[in-house]
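Whatever order the structure lists ligands and atoms in, that order sets their numbers, starting from 1. From a predicted model like this one, the values you see are computed outputs, not experimental measurements.
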Amino acid sequence: MDPYAISKLPMQHFIGGVFTAGHAVDRLAVFNPARAEPIFEIPRGTAADVEAAVAAARRAQRSWALTTPSERSRLLYRLADSMEAEIETLVAIETLNVGKPRRNAHQETRFAIDLIRFCAGAARCMEGKAAGEYLPGHTSFIRREPLGIVAGITPWNYPIVMLAYKLGPALATGNVLILKPAEQTPLTTLKVAELAAEILPPGVFNVVTGDEVAGAAIVRHPDIRLVSLTGSTATGRIIAREATSNLKRVHLELGGKAPVVVLDDADLDAVVAGLRKGAFYNSGQDCTAATRVIAAAGIYDRLRDAVVEMAKAVRVGDPDTDDTEMGPLVSAEQLARVSGFMDRARATKANVLTGGLPGDPSGYFFAPTIVADVEQNHELVQHEVFGPVLTLQKFGTEAEAIAFANGTDFGLGASLWTQDVGRAMALSRDIQAGAVWVNCHDAVTPEMPHGGVKCSGYGKDLSMYSLEDYSHIKHVMVRHETA
Ligand code: ADP
């Protein structure tokens, strides 16, 4: 990695194709979580910055909407190619800013690039219902049109992937985009903006940096027709409420509390391997992370012992070291939050089998943690911890397993482990979630949708469904003389 490439990164908004300091008076520190040290400052965007971004987007909107799908596709492919050419820089920035192990950052950046390529292809495959005469002398047809100016508000756990989640479908369907990255992790978004400046027409993709001040201004702005948030359920509620004032569309991918239902015939080695990644990838800071093992009584003890052994073996450390599996949490705030959950848990009957405490104090590290003997109403079962904490529960009947799995406010991801196809089919039907994985956990692909039910939100990212969410259907009816 070229450290100079990072030091040159513009710490500014990207509006109308240029980087600009904008109107902000305040600046926000950006940290390296592995060293607990500030590395950059970004402008704390204001309503005036959002207004400037909307003005730039408005100027770009009509001509971008009128480009052919082929032309939009070509430019998105070029953007993906340019990200690929800069992949080492993007990976280095993501590792530095989020504390991700480098190989995870690599995998995620490749996924982001692949997703933009998927959207580039999908731009040319949007479908509408066939035209027809549904009233005598009238021909109807369907146009799929862009919404106009749309906004994406992204979280800090997967910055470059979330950028692709929002940018891909928004631009593919002819919208112009204002993106507000999380205040903690804006760096790869700014790097992609720098690349986009050479490829996309000015104003098609804009970035406003900052926190909830800029976010709230986006949600209030009457000319922004859709806000797509990936974030916490608390923020989703605020955005859904605020959006009622101008009835903009809201697309919400929120928290999760993914259950891992293990039946008595499951391949336990596969379960443990799945949990190693499912629970501890990205330090558990993932809305589809495996957080609650719900295991059949017959195999519970064996699984518990194997999971504890696995958690102790997870290699936690410097994200830049090749064999590191788990880096730090993203921020001091997140470390305090996860520590708070565990401090409170120790005061209950919950049994902390391993971990439960912060790790190396030179960064925001927390130990891989396994907790047994938790009741269904325990806060570790009910609330999103967003850290490397896995609870274990034992079930007797499958009905009880389903009651545990569905017994939270969330419904984003879930996994189910069994060799029996019939039980897998029945249980995957009964689990309330946007995605159910059978004999794997948290596998995503651009072709398949991602999004939840209940308090995990609504709307789909990824897949053709996301392109549908970023467009609207217009019925055009032409009256004419018929023979
Ligand atoms: P977390 O609590 O894990 O930081 P948030 O939901 O607060 O997650 O943050 C996700 C994104 O939502 C971030 O980009 C953040 O700046 C933004 N955000 C937070 N609060 C608001 C708000 N009230 N209105 C709009 N955006 C917000």
Side-chain angles (χ1 to χ4, degrees), residues 13 24 26-31 33 42-47 49-50 53-54 97-99 150-163 165-167 177-190 206-221 224 226-246 248-257 282-289 291 328-338 340-341 364 366 383-387 389 409-410 412 452 455-457 459 461:
H13 309 298
D26 299 333
R27 295 180 75 78
L28 299 168
V30 175
F31 282 74
I42 50 159
R44 185 180 191 202
T46 63
D49 296 315
V50 171
V54 169
N97 191 185
V98 197
V150 301
I153 298 181
T154 56
W156 44 255
N157 55 347
Y158 292 103
I160 196 157
V161 173
M162 292 299 127
L163 170 141
Y165 270 43
K166 312 300 179 198
L167 181 146
L177 175 67
I178 298 169
L179 195 78
K180 192 201 80 62
E183 56 273 29
Q184 298 88 343
T185 57
L187 302 188
T188 40
T189 300
L190 293 173
N206 307 277
V207 178
V208 175
T209 65
D211 55 14
E212 69 276 5
V213 173
I218 285 172
V219 180
R220 274 197 305 271
H221 203 293
I224 296 176
L226 165 91
V227 174
S228 175
L229 166 79
T230 301
S232 63
T233 295
T235 303
R237 284 200 179 95
I238 295 171
I239 288 182
R241 194 168 55 232
E242 291 293 318
T244 56
S245 65
N246 47 44
K248 62 166 51 74
R249 285 191 192 200
V250 178
H251 182 269
L252 303 171
E253 197 271 78
L254 307 175
K257 196 73 206 175
N282 214 33
S283 307
Q285 303 168 120
D286 185 321
C287 45
T288 49
T291 57
L329 298 173
V330 77
S331 62
E333 191 188 2
Q334 194 57 18
L335 180 61
R337 181 181 150 79
V338 176
F341 269 104
Y364 305 130
F366 200 88
H383 294 165
E384 193 173 43
V385 177
F386 236 57
V389 178
D409 289 340
F410 300 105
L412 190 57
C455 290
S456 294
D461 289 312

Would you confirm whether the ring centroid of Phe386 sits within less than 6.0 angstrom of the ring centroid of Trp156?
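Between Trp156 and Phe386, the centre distance is under 6.0 Å.
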
So does Ala151 get a backbone contact from the side chain of Lys166, meaning a donor-acceptor N/O pair under 3.5 Å?
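Not a single qualifying donor-acceptor pair exists.
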
Pairing residues for Asp461 by the side chain to side chain donor-acceptor pair (under 3.5 Å) criterion, not counting sequence neighbours
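Side chain to side chain donor-acceptor pair (under 3.5 Å) list for Asp461, sorted by chain: empty.
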
Going by the rule side chain to side chain donor-acceptor pair (under 3.5 Å), which residues pair with Tyr158 if we only count those two or more places apart in sequence or in a different chain?
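Tyr158: side chain to side chain donor-acceptor pair (under 3.5 Å) contacts with Asp286.
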
Name every donor-acceptor pair, under 3.5 Å, that has one atom in a side chain of residues 181-188 and the other anywhere in the protein, sequence neighbours excluded.
from   : atom 1 : to    : atom 2 : distance (Å)
Thr188 : OG1    : Glu94 : OE1    : 2.6

Any protein N/O atoms within less than 3.5 Å of an N/O atom in ligand 1? List the atom names and distances, or say none.
from     : atom 1 : to     : atom 2 : distance (Å)
ligand 1 : 3 (O)  : Trp156 : NE1    : 3.3
ligand 1 : 4 (O)  : Trp156 : NE1    : 3.1
ligand 1 : 6 (O)  : Ser232 : N      : 2.8
ligand 1 : 6 (O)  : Ser232 : OG     : 2.8
ligand 1 : 6 (O)  : Thr235 : OG1    : 2.7
ligand 1 : 7 (O)  : Thr235 : OG1    : 3.2
ligand 1 : 14 (O) : Thr154 : O      : 2.7
ligand 1 : 14 (O) : Lys180 : NZ     : 3.0
ligand 1 : 16 (O) : Lys180 : NZ     : 2.8
ligand 1 : 16 (O) : Glu183 : OE1    : 2.7

Parallel, tilted or perpendicular, as decided by the 30° and 60° cut-offs, for the rings of Phe341 and His383:
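The rings of His383 and Phe341 stand perpendicular, inter-plane angle above 60°.
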
